[in-house]
Amino acid sequence: MDYKALGLKAGIEIHQQLDTEEKLFCRCPTTLRKTGEHAGEFFRYLHATVSEMGEIDRAAAEEMMDRRQFHYLTYDTTCLVENDEEPPAPMNREALEIALALAKIFAMHPVEQVHTMRKLVIDGSNTSGFQRTALVAMGGILPNGGVVETICLEEEAAQRVEGSTFSLDRLGIPLVEITTSPCMFTPEDVQQTAEYIGMVLRSTGKVKRGLGTIRQDINVSIAAGARVEIKGVQELDLIAEVVRREAQRQTTLLAIRDELRARRASVGEEVRDVTPLFAGTESSILKKAKVIRAFVLHGFAGLVGREIQPGRRLGSEISDYVKKCGLGGIFHSDELPAYGVTAEEVARLREHLGAADEDAIVIVSGSKEKTACGARQAQHRARRALEGVPEETRKMLEEGSTSYMRPLPGAARMYPETDVFPVAIPDGLWEEIRAPELLCDLARRFENDLGLDAALARQVVSSESLPLFRAAVDAGIRPNLAARTILGTLKELGRDGVAVSRLAPAEILAVLRAVEDGTVAKEAIPEILSAVAAGTAVAEAVGAHAGGMSDGDLATLVQAIVADRIDFVREKGMRALGPLMGLVMAEARGKVDGRKVSEALRQEISRVI
Amino acid sequence: MDYKALGLKAGIEIHQQLDTEEKLFCRCPTTLRKTGEHAGEFFRYLHATVSEMGEIDRAAAEEMMDRRQFHYLTYDTTCLVENDEEPPAPMNREALEIALALAKIFAMHPVEQVHTMRKLVIDGSNTSGFQRTALVAMGGILPNGGVVETICLEEEAAQRVEGSTFSLDRLGIPLVEITTSPCMFTPEDVQQTAEYIGMVLRSTGKVKRGLGTIRQDINVSIAAGARVEIKGVQELDLIAEVVRREAQRQTTLLAIRDELRARRASVGEEVRDVTPLFAGTESSILKKAKVIRAFVLHGFAGLVGREIQPGRRLGSEISDYVKKCGLGGIFHSDELPAYGVTAEEVARLREHLGAADEDAIVIVSGSKEKTACGARQAQHRARRALEGVPEETRKMLEEGSTSYMRPLPGAARMYPETDVFPVAIPDGLWEEIRAPELLCDLARRFENDLGLDAALARQVVSSESLPLFRAAVDAGIRPNLAARTILGTLKELGRDGVAVSRLAPAEILAVLRAVEDGTVAKEAIPEILSAVAAGTAVAEAVGAHAGGMSDGDLATLVQAIVADRIDFVREKGMRALGPLMGLVMAEARGKVDGRKVSEALRQEISRVI
Amino acid sequence: MSDTFTTGDIVAASCRGQPVEGIYITDRDGMAVVKLGSGYNIGVDPATCTLVAKSGETAVQPPLTVEQDESLPELAIISTGGTIASKIDYRTGAVTSQFTADDILRAIPGLSSIGRYRAGVLATILSENMTPSIWQDLARAIHAAIRDGAAGVLVTHGTDTMAYSASAVSYMLDTPVPVVFVGSQRSADRPSSDNVMNGMCAAAAAGADLGEIAVTMHATTNDDFCAVHRATRVRKMHTSRRDAFQSHGMAPIGRVDFPSLAVHLTDDAVRRGACTLALHDRLEERCGLLYFYPGMAPEILRAYEGYRGLVIAGTGLGHVSTGCIRAVRDLIDAGAAVVMTSQCLHGRVCDRVYDTGRDLLSAGVIEGEDMLPEAALTKLMWVLGNESDPERVQRLMTADLKGEIRRRSDHGL
Amino acid sequence: MSDTFTTGDIVAASCRGQPVEGIYITDRDGMAVVKLGSGYNIGVDPATCTLVAKSGETAVQPPLTVEQDESLPELAIISTGGTIASKIDYRTGAVTSQFTADDILRAIPGLSSIGRYRAGVLATILSENMTPSIWQDLARAIHAAIRDGAAGVLVTHGTDTMAYSASAVSYMLDTPVPVVFVGSQRSADRPSSDNVMNGMCAAAAAGADLGEIAVTMHATTNDDFCAVHRATRVRKMHTSRRDAFQSHGMAPIGRVDFPSLAVHLTDDAVRRGACTLALHDRLEERCGLLYFYPGMAPEILRAYEGYRGLVIAGTGLGHVSTGCIRAVRDLIDAGAAVVMTSQCLHGRVCDRVYDTGRDLLSAGVIEGEDMLPEAALTKLMWVLGNESDPERVQRLMTADLKGEIRRRSDHGL
């Protein structure tokens, strides 16, 4: 596609969890827990508050259509603040300083006084019904010339366990939100920018790692389309694809709109109760429904079923809206007969509703209230198809297509968090903040100064074990040994089922130091680390592989093996080294460096031939 | 027996529950509850307190031999005072005034200032471990010249439910304790005095009625015997028998003593572990015992099994002592072979212990600790048989024999209840107290003034329904009607399964008034009361039996019946009245007084013949 | 607030050299607070602010009258400043408390299915600023509402001193209908506020078969049910939790389930109509509450010289140090009624057990039985407002007037 | 007591004309108390009393030394006047408190299987008469006992102010061994007294793997187990029940089962040896605790003029009325440290939420976090005894020194 011609514009918001000691507005640790470890549980309802127009915000209202009890799991690592039972503590200084360090990297302007705001979120993921968020810095630049509009410090929401049950361990973990302007014009631009910002975040050394700790939201629009915000893109590799598919979606929706307009299509007003028509139906879904309703989409035939993204049709978009009422979705005539609905039933329905061939029909089934709600929602979305692309917040599905989530919030629903005092950022503090060395620079430095090859250097700096590597180098371990052990050996051991997560950094360093001291051979590292991970003390594990093969012992062993096969050696000469090496190593593996064995063998062979 | 010659002396203590609004030292009602209604439960241990001699009182120590948890049931009618969790309230004035009224009847001297004392009771029946008691008056006289030594006001103990579980509903109900001097010399004296005092107590109209609400303790001794206190004689009729049997017991114990002395009998010191001797025993009791111990009673043969009261032997007395250790009792050689113990085993035991034919052997079985305790207790009691009659507190068994309960308390274990202020009885108060009319006087008055026959009068005054009777008479009901309804009809209805306890006094009075008004016939009383007990309103029940048969209706009925059988009437004349009466009553029963029917029939017959 | 700008003005300012534009909110602690287009507030140097545009017209609240169902019982809502309803102006971020019936029904739509409402504002204060004279006004206002036909009265109140106010009104008012105090522990401007559930449950209680003054608040941290507490036996026992209010010395007199709004009253609850409407609105303000602590200087007691009444929250069964007893005696000799309660809060005072207690009794101290110190204070104000004879004061203080004393301690800790 | 008779004399008297004879006990309130042969006491007119015989020799307590098992850990018992042991003289009915190790072991024989004991009497007062200077003596005595080798210390104490004393000692003493305060709610002279179980459980706690100051008392109304409470988090919550002592803001740090005496400590409990023995025994006595109530006259605060510290038990999140804030500011301006706690007892103070709170903060009030008012008072005495710089005082008062502050509210109500 020619994205320039389409008028593609995109921006991103990156949300990154910080690895602070304590949460943003309470003193709980930022530890994630297994739900099985929960210590308690409670439940609440959330109530949309009345806006200044005397109306409830549409996004909020839609969340409440299907009134739900939210259940929350508590832990011995959560407190009354997460439970919305105690006012928040003052803002976490550690988190603020990380945000300021980032601001420094992007050459931003920190605000003079940070005000914490409440942003309404009533999907249950925040016990309070709002998310606390504060604007920390504005106006930064990216190396590619893009603009970082703002850095905000926010509290992470609770993790949804399932349905309307949330786990409070995650609630309140500090997040930085880095928002760019819509300054990107190709899918690849977006992905590269996200990669760059991710690298910057990791450069602080204070961000959480692993799945779910960083999330990208992408704003996409094409010229005649509308701004769509796609939430929760966790895989960096998918970003470009998501943008591509959204461009495709908007393009197709516009095409459908044009076709509908050409057909003078319209949405039927009347929703009919057609339950009796399906009295003897074989459709398992319709069979168990209390009420079945249907309405006509005049002139929509064929378009409801048109694909707008891989695996997604206009019908899917309508279904998404209907799901907000607590229903499973819709049936539409473009996909029927199917799902147990017979051609005869469809014909009868068409006749009953007076639908022409060029018309489509939408069917909703369920309880009386839910079907009434569902039909209204379906009509609403169908009408918007006549207008083109709705402004929406969408969520990414697997593979990069998206589904409807909620309307874009109108004006930002924000008001001050009066329980948290504003925090001044005096010039003195700002000056004291130091930007960390970027990982890309660090990789270059490791390449140049430590002699790592470029790929390994990049791997080291992007690894979670970077601090361990640096500590090892500081302790005088050879950089290559450190890097290969930390990145290679440990990974392999882990793959082989060794509990490498039980190894303390100090233990790994001690083992490496034993290698550097010559106490053990580097070949012994895997076995020693395995033993330590299994609970053996480092000294003991090292001891088991050290001293067993002094230079003298090695010499004796080599002499014995050579003497035993003296004819062979004399026959083969130095070519005997390879075969004999195997025999010696069978005895010496893990006790002495292979190069040393090879050298000793070479000398002995030289001596005897 | 010639009790004079025996030197019989007896005194009684009568404990009577008072029917006050509230308990003696808290504001709970004095209502007894069903244990199934209990609202809660708790448990405690009691600890004997150290006396001034640095020793624990022997009675207290014996209670504690078998250390027990006491469980208590609480109710919505008990409070923290019964739970021993709140200091007592001031002494109940109502109870004090009842005690003073009794003092007036017995012409006693009330104390000038009443001091509440704590009397140690650690059998679990008092949550505090003591009973609160206060001396109210001293020095009264009985019509037979006996002396009422004291009147005390005490709190009732908790009711034992079973084992070591007690019900707190009864704890704290006020009791008066009336103590006579040992001024009675025949069993019949004792019974008559108890009867008289009981009548005096009921004369107050403020005592509880029913089983367990009054309890007599009897002190008995014969000249060469010892003071024995027999607790908890609840049936008045048994008092004389209890005294007789105790005189018999003491006489026999003295005879046994003399015989033992003549035989130069002694108690063997050594207790032997004889468990191995019973390795293959068929005795189910010995089979399950961990340890079996035995010792010799030199010269006791035949005497251990001698009957000292119906169903009681010296062996039973020894068993009673052993039971304090938590054992079931003893075996002794006078009763063996029996209970699965063979003659061969007895012979082996005798041989093993070196027991001669004139010796008896005592066997205790159970755990190591309990058998050691039990053997000590058995030796202790056997030694006392050489001295004669031990001073003891005993409890009555069915039929009037007694069993050992605990030693007589040495000096009274009393010390001040500091949480209750002393209560002054000023002269003014004492003068205001009026002695109630004695029931014996009242019965005479009912006989003379109200025309009740003597038996009915006595029945009325001793009935719990006396207040209702008096209210009825005050309301103008004929005394005989009132008495027969209240004592007769209600009793019969109750026997027939009518829920008479549901009838409020006011309802009964209303029915009687309707009879006296002529609204209903007195024959209707049982049916009306049954209806009311079943839930019908009085007016409705009365209505159903009233007015249905006016004088006119009766006349019409009588005329019709006579007219129908006019030949028969003419033939029989006035002798037809009897047979016709039955026919009329079949229609009129409960609607009109039988005498009225008879009169109407007589007139009609007169008229037609 | 700045002299130069009004809330709502559009201003331009500089944030460390970065130009910003936004809505001017206020000046606070030397900073100007500006709301940016994104909704975020930031603090900027007021000196850098310049006016871009004066505040536009504020969107006027449409006079959208909420329909009330005339077939439902009429309930009065009397507001004292506790915010059961609030409104957020997202343009400026300002949160304002709402007091009219319409406002309240708009904030808690569920109320309209329980009753129809008349609302009145008695005060708009933080509850720590309550005074005995406002309690009197409140009792009069409730009395008037019931006289005028209200089938029940809701009093919205800040939670800090709600128990004091409710107990004060208990003594002043004999009521045949429910008078239900309600508040919220989490502010009404948040979606998680307990105001909705508390308000609906309180309204249900106000329409129920109850005839006394009560406090209705969350019973647990869940949104499952509210407890109905007797006014003289309830105390706020947590600074911030929803279920802060707890009955002492008795179980709550009822509960209201949510969202079913089923009301369950215990046998202890006084029923509707058990009492005839009457107002006895005199209070003696010169009464205090003193919390004893070890080592307290007797001079502290002198601060209450000239007072007509003093409630002491003593230790344990009701004690103060021997050194303070003289000062207590002086107050009593000077004509004050001194009532002993316990800082244990649970259980009954008993000054007969220990020496200092007996000395206090002989000094003339009145045992406060099992009254909460707070309920004893408001009672003492009421008793001394109506009675001056010391013996009758003593008799009233030790008698149960409005459930504040229970003759029997039949309830757990 | 009469001038004429001594306790124990045999006297004759007349009771409304009835002659009586008995042991003379005492004169009280104008009556002579005489114990009759039956054991009953009665009050008689002293004028009617005549001497029959002078008091005989009192049975001398045999010097029956209780055997102590030298293989058991040595525990110190320091008595302050709480009666863990008492003796009844049934001849006169008198109850006397007992304090020697022998006396205590005779009263609670079970103790001898837990440890061997040295006992000392520090004071014999009712606990409401405790003072900061006795707390200092107590801290010194405990310090000396530990220094001299005690493996644990039992402090017997009246329950009224036990929590105050235990918290005061907490700040003054760093201890490597358990220091366990214990008392009884039901007097030791009754068979049902909680003294036996409390004493044995406390001794077991004193021998356990604990390294802090604790209070060990009945956990329930049953004789089933005692709770071990952290000294700075415990409060007496009932006037008379056995289970009056309750931890606030955290679960008890342990329990001791009865009669097994098995000790279970939670992860929160500080372990034996975690701390080095040290004594910091300075206290500033000019500190007070003020309980705010609505309508409180600001003049009451003036009673604390000249004080170096004041703890306020404010309402809710930590408030006083606007009218009182000025008086608070005056105290602070005059050099006093004022610490805000809450009369809710549970939960954390937060003065950032409401206006009066913010005004208090700007007046210089120190937020007392989730401290109990009593633990804040003793802490303030200790902090001001050791520090005068206001900023350092503030820092210490808001820091957790001995478990009195928890950074996280992780415990239920």
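Order of the sequence lines sets the chain letters (A, B, ...), proteins ahead of strands, with each chain counted from 1.
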Practice problem: List the atom of D/T315, the atom of C/D160, and the distance in Å for their closest heavy-atom pair. | Solution: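 Closest approach of D/T315 to C/D160: OG1-OD2, 2.6 Å.
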Practice problem: Under 4.5 Å, counting heavy-atom pairs only, tell me which of D/M381, D/E128, D/K236, D/Q343 racks up the most with chain C. | Solution: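 Most heavy-atom pairs within the cutoff with chain C belong to D/E128.
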Quiz item: Who among D/C344, D/G347, D/A303, D/P132 has the most heavy-atom pairs with chain C under 4.5 Å?
Solution: D/C344
Heavy-atom contact with chain C under 4.5 Å, split by part of [X]:
{"X": "D/L126", "result": "side chain"}
{"X": "D/Y164", "result": "side chain"}
{"X": "D/I134", "result": "neither"}
{"X": "D/T159", "result": "neither"}
{"X": "D/C350", "result": "neither"}
{"X": "D/D355", "result": "both"}

Does [X] use its side chain to pair, donor to acceptor, with the backbone of [Y] at less than 3.5 Å?
{"X": "C/S342", "Y": "C/G316", "answer": "yes"}
{"X": "D/S170", "Y": "D/A166", "answer": "yes"}
{"X": "C/R358", "Y": "C/R352", "answer": "yes"}
{"X": "C/E369", "Y": "C/M371", "answer": "no"}

Could you have a look at [options] and say which one has the most heavy-atom pairs with chain D under 4.5 angstrom?
{"options": "C/L345, C/T131, C/T322, C/D370", "answer": "C/T322"}
{"options": "C/E285, C/E374, C/R302, C/E299", "answer": "C/E374"}
{"options": "C/G288, C/G295, C/C324, C/P373", "answer": "C/G288"}
{"options": "C/M296, C/Q185, C/R348, C/R286", "answer": "C/R348"}

Quiz item: Could you state the interatomic distance from CD (C/Q136) to CG (C/L138), rounded to the nearest 0.5 Å?
Solution: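 Nearest 0.5 Å value for the CD-CG distance: 10.5 Å.
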Quiz item: Could you give the distance from CG (C/L289) to CG (D/L290), rounded to the nearest 0.5 Å?
Solution: 9.5 Å
Quiz item: Which answer fits C/F245, side chain, backbone, both or neither, if we ask what part of it has an atom under 4.5 Å from a heavy atom of chain D?
Solution: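 Neither part; nothing is under 4.5 Å.
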Practice problem: Would you mind checking which part of C/L377 comes under 4.5 Å of any heavy atom in chain D, side chain (CB onward), backbone (N, CA, C, O), both or neither? | Solution: side chain
Practice problem: List the steps and the verdict of side-chain contact (heavy atoms from CB on, under 4.5 Å) for D/R233 and D/R406. | Solution: CA-CA 10 Å; D/R233 306 245 40 136; D/R406 288 173 80 81; 3.8 Å; yes
Exercise. Would you check if there is a donor-acceptor pair between the side chains of C/T378 and C/S167 at a distance under 3.5 Å?
Key: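 Checked: C/S167/C/T378 side chains pair up, N/O donor to acceptor below 3.5 Å.
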